[in-house]
Amino acid sequence: MDKPLRIAIAGLGTVGTGVIRLLETNRDLLTARAGREIEVTAVSARDRNRNRGVDLSRYAWEDDMTALAAREDVDLVVELVGGSDGPALALARASLGAGKHFVTANKAMIAHHGIALAKTAEAHEAALKFEAAVAGGIPVVKGLREGTSANALERIYGILNGTCNYILSKMEDTGADFGEILAEAQAKGFAEADPTFDIQGIDAAHKLAILAAIGFGARIDFDAVRTTGITQVKAADIAQADALGFVIRLIAMADTETGEDGRTRLLQRVRPCLVPKDHPLASVDGPTNAVVAEGNFSGRLLFQGAGAGDGPTASAVVADIIDIAREEIGAPFSIPVAGLEPMPPVEPGHRMERTYLRFTVTDRPGVLAEITAAMRDAGVSIESLIQKGRADDGGEVLVAMVTHEGPERCIKEALDLLDGSESLTDAPLVLPILRD
Ligand SMILES: NC(=O)c1ccc[n+]([C@@H]2O[C@H](COP(=O)([O-])OP(=O)(O)OC[C@H]3O[C@@H](n4cnc5c(N)ncnc54)[C@H](O)[C@@H]3O)[C@@H](O)[C@H]2O)c1
Ligand SMILES: N[C@@H](CCO)C(=O)O
Ligand code: NA
């Protein structure tokens, strides 16, 4: 048998502790699959004395995690700290620069610095792997790098944030308020250290940018992801969507089109959408994630499973370690960095969509006429419209509508016409309807 693969782990929180537990529990099976032993030699985290329920006494401890990269007894560094910059990035640069393989669950860092890190990895013939960074335990990075590699992909889309999905599906089941469910998701260990990354859609945007790069051969462009989170979604919208035959999910989607200049353009967006109840993504509940990839020969593929949590995320981290033990290095984004194409973003105004719109308005005569006139003037055709009762106190009521399919820019024009209207008491909510 080959020499053991010697690894160091930085970060011993939810995921780091899960990795240690998995390496211990499945030791024999991992040795057989990897073809050699996987041996932890050193670890680093903020607090040496915290009780994590795992025995760390056999491993060397480094207070400064960057020191792991310089250790002679380390072949591979695993980063489970988080943060796009700071110590995680310093560790990635130092490790790859020293020719050590590098495995991470850090989507923020890969979304911002993945290309530069992949270049360093290539230059030093080291592996850079991040299966756990996207959709936790689901092997979707591998699925796109290997499973769909024979296809031109038409679309990649799915549910990439477990916290938002947990909140939305819990709101659906219980009618409970947003805030208290977010606290539950935090307690269960799904949420990011700063949960605004989850609820504002930023975490899903990090993951989408990574998948788009792999799936479309694009240079990662995180700044081009058009991102809307779930904070504006009310329990009333969920009930309304239900009555219309939909659920609400935070959907991340990327596709491409050819611009007038002949260049391939990339559209990446994260937004809450109405999902028809018979769509496979509608039954994805709780912290589960799901990714759909549509290949020109494979047809629609659905990857589904746990997108967060210690066990599933550890499973993805250790799968990457096994690949490296087997010397399956590969290009981090499927093709060498020089081959990744810079793809300018699509301006999506011409895209055709059906849309759900919700207005919170003052309950007085003429309000509905004002809204429908704006729709008419902007060329938006209304498929159905619901006004929720009368407010007893003459206060606010909710007006919801679903439009026929039309160019996205018309919706924007209608909202611009209503901008500043004294009838609207809250910003309107616009939710596209996911098409099959
Ligand atoms: N929790 C999940 O379900 C999940 C799923 C997929 C990916 N991730 C990613 O995995 C990474 C780790 O997430 P987590 O949930 O385990 O986080 P966590 O907060 O539970 O653990 C982070 C660990 O890093 C250490 N750490 C943080 N800052 C440090 C610093 N400046 N110096 C030294 N040590 C430091 C902490 O002490 C802790 O041990 C993040 O990049 C996260 O986005 C998490
Ligand atoms: N905060 C992330 C963790 C998994 O990446 C989520 O909720 O999906
Ligand atoms: Na994954």
Side-chain angles (χ1 to χ4, degrees), residues 9-20 43-50 52 54 56 61-68 78-92 103-112 129-145 158-168 182 185-186 188-208 210-211 214 229-230 250 252 270 286-291 303-320:
I9 302 176
L12 296 168
T14 305
V15 184
T17 311
V19 166
I20 299 230
V43 296
S44 175
R46 224 171 353 212
D47 178 1
R48 185 170 190 172
N49 298 316
R50 187 159 80 81
R52 299 174 168 87
V54 289
L56 300 177
W61 179 274
E62 294 285 359
D63 285 325
D64 169 13
M65 69 169 95
T66 317
L68 297 172
V78 183
E79 182 273 310
L80 304 169
V81 171
S84 58
D85 296 82
L89 182 60
L91 180 62
V103 171
T104 180
N106 187 338
K107 51 269 166 147
M109 181 175 73
I110 296 298
H112 285 280
K129 289 188 182 274
F130 40 80
E131 180 58 80
V134 185
I138 307 174
V140 66
V141 169
K142 208 177 199 14
L144 294 187
R145 282 183 60 203
I159 294 170
L160 294 179
N161 184 268
T163 302
C164 287
N165 211 60
Y166 183 81
I167 293 171
L168 291 171
L182 171 61
Q186 287 178 285
K188 286 175 186 283
F190 309 142
E192 294 304 297
D194 175 357
T196 56
F197 276 63
D198 295 293
I199 61 179
Q200 290 178 355
I202 299 162
D203 176 75
H206 288 145
K207 295 164 176 168
L208 181 69
I210 296 170
L211 289 187
I214 298 169
I230 63 166
L250 185 71
V270 173
T288 308
N289 283 189
V291 180
F303 302 85
Q304 185 169 341
D310 55 349
T313 311
S315 155
V317 169
V318 178
D320 278 347

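Note that ligands are numbered from 1 as they come in the structure, with each ligand's atoms numbered from 1 the same way. Residue indices begin at 1 and follow the sequence shown.
- Among protein heavy atoms, the minimum distance from atom 3 (C) of ligand 2 is reached at F190 O, 3.2 Å.
- Within the coordination shell of the Na ion (ligand 3), defined by N, O or S atoms under 3.0 Å, P139 is absent.
- At least one N or O atom of G162 sits closer than 3.5 Å to an N or O atom of ligand 2.
- Below 3.5 Å of separation, one finds an N or O of K107 facing an N or O of ligand 1.
- Looking at atom 26 (N) of ligand 1, its nearest protein heavy atom turns out to be V81 CG1, 3.7 Å.
- Taking every heavy atom of L12 and a limit of under 4.0 angstrom, the matching atoms of ligand 1 come to 23 (C), 38 (C), 39 (O).
- Remark: ligand 1 atoms within the under-4.0 Å shell around heavy atoms of M65 are 30 (C), 32 (N), 33 (C), 34 (N).
- Heavy atoms of A105 found under 4.0 angstrom from ligand 1 belong to the backbone as well as the side chain.
- Under 3.0 Å from the Na ion (ligand 3) lies no N/O/S atom of K142, from backbone or side chain alike.
- Counting protein heavy atoms only, atom 28 (N) of ligand 1 is closest to R46 NH1, 3.4 Å.
- Among protein heavy atoms, atom 12 (C) of ligand 1 sits closest to L80 O, 3.3 Å.
- Ligand 1 places these atoms under 4.0 Å from at least one heavy atom of G82: 40 (C), 41 (O).
- On a distance-only criterion, G13 and ligand 1 share at least one N/O pair closer than 3.5 Å.
- The protein heavy-atom contact nearest to atom 15 (O) of ligand 1 is T14 CB, 3.7 Å.
- At a 3.5 angstrom cut-off on N or O pairs, D47 does not count as close to ligand 1.
- Ligand-side atoms of ligand 1 in range of P87: 31 (N), range being under 4.0 angstrom from any heavy atom.
- Ligand 1 has an N or O atom lying under 3.5 Å from an N or O atom of G189, backbone or side chain.
- Heavy-atom proximity to A308, at under 4.0 Å, picks out these atoms of ligand 1: 3 (O).
- For residue G307, no N/O/S atom approaches the Na ion (ligand 3) to within less than 3.0 Å.
- At a 3.5 angstrom cut-off on N or O pairs, K207 counts as close to ligand 2.
- Near T313, with a cut-off below 4.0 Å to any heavy atom, the atoms of ligand 1 are 3 (O), 4 (C), 5 (C), 6 (C), 7 (C).
- Of the protein's heavy atoms, E192 OE1, 3.9 Å lies nearest to atom 42 (C) of ligand 1.
- By the 4.0 Å N-to-carboxylate-O rule, R48 lies too far from E62 to be salt-bridged with it.
- Here the heavy atom of the protein found nearest to atom 5 (O) of ligand 2 is K107 NZ, 2.5 Å.
- Assignment of E79 to the shell around ligand 1 is not supported, since no heavy atom sits closer than 4.0 Å.
- Of all the atoms in ligand 1, the ones that sit under 4.0 Å from a non-hydrogen atom of N106 are 41 (O).
- Numbered from 1 in the order shown, with element, the atoms of ligand 1 that lie under 4.0 Å from a heavy atom of A132 read 6 (C), 7 (C).
- Judged by the shortest distance from any of its heavy atoms, G136 lies outside the 4.0 Å radius around the atoms of ligand 1.
- Closest to atom 16 (O) of ligand 1, if we only count protein heavy atoms, is V15 N, 2.9 Å.
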